[in-house]
Amino acid sequence: MAVKGIFDAGSRNGGEFWKSFGELSAWLLLCGLIYSQTQLFDREIPEYEFGVAGWPRVLCIAAALGAVAQFCLQRLAARRTVEKSPEAEHAGFVGWRAVAQRTAIFAFPLLWLVLAPRVGFYLSAPFFVAGMLVLMEVRSPTRVIAVTGAIYALVLLLFTRLFFVALPVGRIEAFYDANVAIIGFARIGL
Amino acid sequence: MNLFGDWHALLIFTMGLLGGMIFGATPGVNMLTLGAVVLPFTVTMLPEHAIMLFSVIYCAGVFGGAITAILFNIPGAPENAPTCFDGYPMTLRGESGKAIGAAVSCSAIGGLASVILMMSATGAIAGWAIRAFGPQEIFALIFFGLAVSASIGARTLWKGWLSVMAGLLIATIGTDPVGGIPRFNEGSLLGLSFHSYYLSAGIHFIPIILGFFAVSEVFAQAMNIAIGTRERPQAGLEFPSAAEFWRVRWTMLRSVAIGFFAGILPGIGATLAAFLGYSQAQRWSRNRKNFGKGEIEGVVASETANNAATGAAMIPLLALGLPGGALTAMMMGIFQIHGMEPGPLIFINSGDLVWVTFAAMFWANLLIIFLGWLQTKTVVHLLRIPFRWLAPGILMLAIVGAYALRNLFIDVWVMFIAGIAGYLLRRTGYSAAGVVLGLILGKLGESAFTKSMQLMDYSFLGFFERPVAAALILLGFAAIGLSIAGEFRRRDEQRALLD
């Protein structure tokens, strides 16, 4: 009866069903992947009967069971209610600029993460700050420059001059020299 | 030591108080950062000055984290995470002053109550805790804590539990607690394999916390700006009224008891205290339906409980020489640098130092009320600065905070990946706070479980031969049963409304 209810709900409310099913699949895939990786360290320890892999495996099984329970209850509940997801509330036509902006909000920091160890923190940080400001829709160039300058100065003062935090100085020679010069400038008078 | 007659002591006290509050309230750095920075300087200080400095930093730092939790939805430390659930909605409603006022007053009340309890019964309480609490009880307490707190911050009970499970799974990365064998440091999939020395040491919880709370909040706000749905928080200067405090008196008392109890146990500390305090307040409140929507009782519960744990955390440190967390471990280091060994004999050999700790924490908590009141009138004006200007600064501080932890850029990667994961978890109704709770308690829970199994000869029934452990496990199961029943009841109510 309950099993029938789960799939009846799916047929009546296709979008919600596939969303729940996708969530269940993601959890099962993740748990299966983690469980399979435990074989690489599945060793017995003389002083502990359950071995090295026992605890993570129990957690994987518990998480998988939890995901199945969540799916079943979501479907049983969907027989009567149709919850509006936050995405559905804002659904509508989205232009290419908006899509590019939303993608860039996540992609830009990742791009910076790739470049920063090579270029050095001190050289790349102002570009990161300015880029994030533009992505947050600060359009005035004066404001972008002023806020970037203020944040950069604060970071240099706090972490380079006061706390001597050793941040990456770059792996490429020219950038390395420039980073070291900025550190020297920040520590003038010390 | 006469605190108010010695200008040097007074200066150190003031610097510690202000430093703790500022570092606690700044995303990306916290009281541990400040502790690590000033630790080398304590070598040349008088022992009483050094101990006093760290006691004050501890109290002020735990309070400071509430400010960013309330104003920006970014907790300064994991123990302030439950404060976000109601503190930030209050800010959105223009009640930021009221929320900070409640956090200030309740932090001070929780801290003062625990200091007074600590002064009166450190030796006796420590003796009881060490006799009554073995690995079985520690495991049972963690089980109970997770059972009652799992659904906090999640859209449904199941999403809360799955969030905690994710945290527990992340905590298994690194060496296992029995044999020291690395786990998940190598992987193999579809013929491709990898090996990582970084993963052998496990994933540190600081980059994860920065990612889940600070980075994901910036992403969420940036997306809201892009979509055009961002609600601008409003600055409010109103302090909570006496009637409002009177209304939550039982919540305060309950949270003091919970915080003190959790604080005594090494490693459990303020984080579980805050989650337990919040979940119990929600369970017993008349306004439980308003929790998560800006209920002042939620702020009161978590802030009272986490500060009540600070005084209690000194008990195992002073009486038994067992530090419960990173900052208390630094304090233990100070004792050792100055040739003293915390433990039962410290009350005889260095009784004056013990009283310096008590007095410093007492005065720090008392002054938090005054400084916190000033903060209520001043710091809320930060909300007048557009978030789009603050966001890159928050990210910069988080980047430096994550990197400076171990001087590893991969920690910054972990932080940003956690940030993206945190954003997706929020969108889908999972709880970032639940993941962090699982991550922090996971290693401790596994360690307690393995020791329990060895001690009980692998018999699960052994838990029920010890009264405290048995009670906690049964209460944990009861809490799970009640939560499931509550979830079904909630769904039935929704259906009835729709019908």
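What you see is a predicted model, and the numbers here were worked out from it, not measured in a lab. By convention in this document, chain letters (A, B, ...) are assigned in the order of the sequence lines, proteins followed by strands, and residues within each chain are numbered from 1.
Using a 4.5 Å cut-off between heavy atoms, A:V155 touches chain B through its side chain atoms alone. Using a 4.5 Å cut-off between heavy atoms, B:W413 contacts chain A through both its backbone and its side chain. Residue A:L135: no heavy atom, backbone or side chain, is found under 4.5 Å from chain B. Using a 4.5 Å cut-off between heavy atoms, B:M223 contacts chain A through both its backbone and its side chain. Contact annotation for B:I399: only side-chain heavy atoms (C-beta onward) come within less than 4.5 Å of a heavy atom of chain A. Heavy atoms of B:Y403 lying under 4.5 Å from chain A belong exclusively to its side chain. Residue A:L33 touches chain B through its side chain alone, counting heavy-atom pairs closer than 4.5 Å. Heavy atoms of B:P177 lying under 4.5 Å from chain A are absent altogether. Looking at A:C31, there are no atoms closer than 4.5 Å to chain B (heavy atoms on both sides), in backbone or side chain. For a residue to count as touching a neighbouring chain, one of its non-hydrogen atoms must lie under 4.5 Å from one of that chain's; by this rule A:V147 touches chain B with the side chain only. With a threshold of 4.5 angstrom between heavy atoms, A:Y152 does not approach chain B through any atom at all. There is no contact between A:Q39 and chain B, counting heavy-atom distances below 4.5 Å. Heavy atoms closer than 4.5 Å to chain A are found in both the backbone and the side chain of B:E186. Contact annotation for A:F128: only side-chain heavy atoms (C-beta onward) come within less than 4.5 Å of a heavy atom of chain B. Looking at A:E137, the atoms closer than 4.5 Å to chain B (heavy atoms on both sides) sit in the backbone and in the side chain alike. Proximity to chain B (any heavy atom under 4.5 Å) is shown, for A:V58, by neither the backbone nor the side chain.
Between B:F219 and B:F416, the ring-plane angle classifies as tilted under the 30° and 60° cut-offs. Ring geometry, B:F184 versus A:F41: the interplanar angle exceeds 60°, so the pair is classed perpendicular (tilted spans 30 to 60°). Classification of the A:F21-A:F71 ring pair by plane angle, with boundaries at 30° and 60°, yields perpendicular.
Across all non-hydrogen atoms, the minimal contact from A:L40 to B:S188 is CD1-N, 3.7 Å.
Residues B:E446 and B:R183 are paired through a salt bridge, judged by an N-O separation under 4.0 Å between the basic side chain and the carboxylate.
For the side chain to side chain contact (heavy atoms under 4.5 Å, CB included) with A:V169, the qualifying choice from A:D177, A:N179, A:I182 is A:N179, the only one to do so.
Highest contact tally toward chain B, considering only A:L113, A:I151, A:V129, A:I45, is held by A:L113 [criterion: heavy-atom pairs under 4.5 Å].
Side-chain polar atoms of A:W112 and A:S124 form a donor-acceptor pair below 3.5 angstrom.
Summarising the geometry, atom CD1 belonging to B:I394 is positioned 8.0 Å from atom CD belonging to B:E217; distances are rounded to the nearest 0.5 Å.
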Next on the checklist: With side-chain contact (heavy atoms from CB on, under 4.5 Å) as the criterion, how do A:F175 and A:L115 come out once you've worked through the C-alpha distance, each side chain's angles and the decisive distance to 0.1 Å?
Outcome noted: CA-CA 11 Å; A:F175 293 132; A:L115 294 175; over 6 Å; no
Item to check | Verdict with reasoning, A:V134 to A:R139, per side-chain contact (heavy atoms from CB on, under 4.5 Å) | outcome: CA-CA 6 Å; A:V134 172; A:R139 295 283 180 249; 4.2 Å; yes
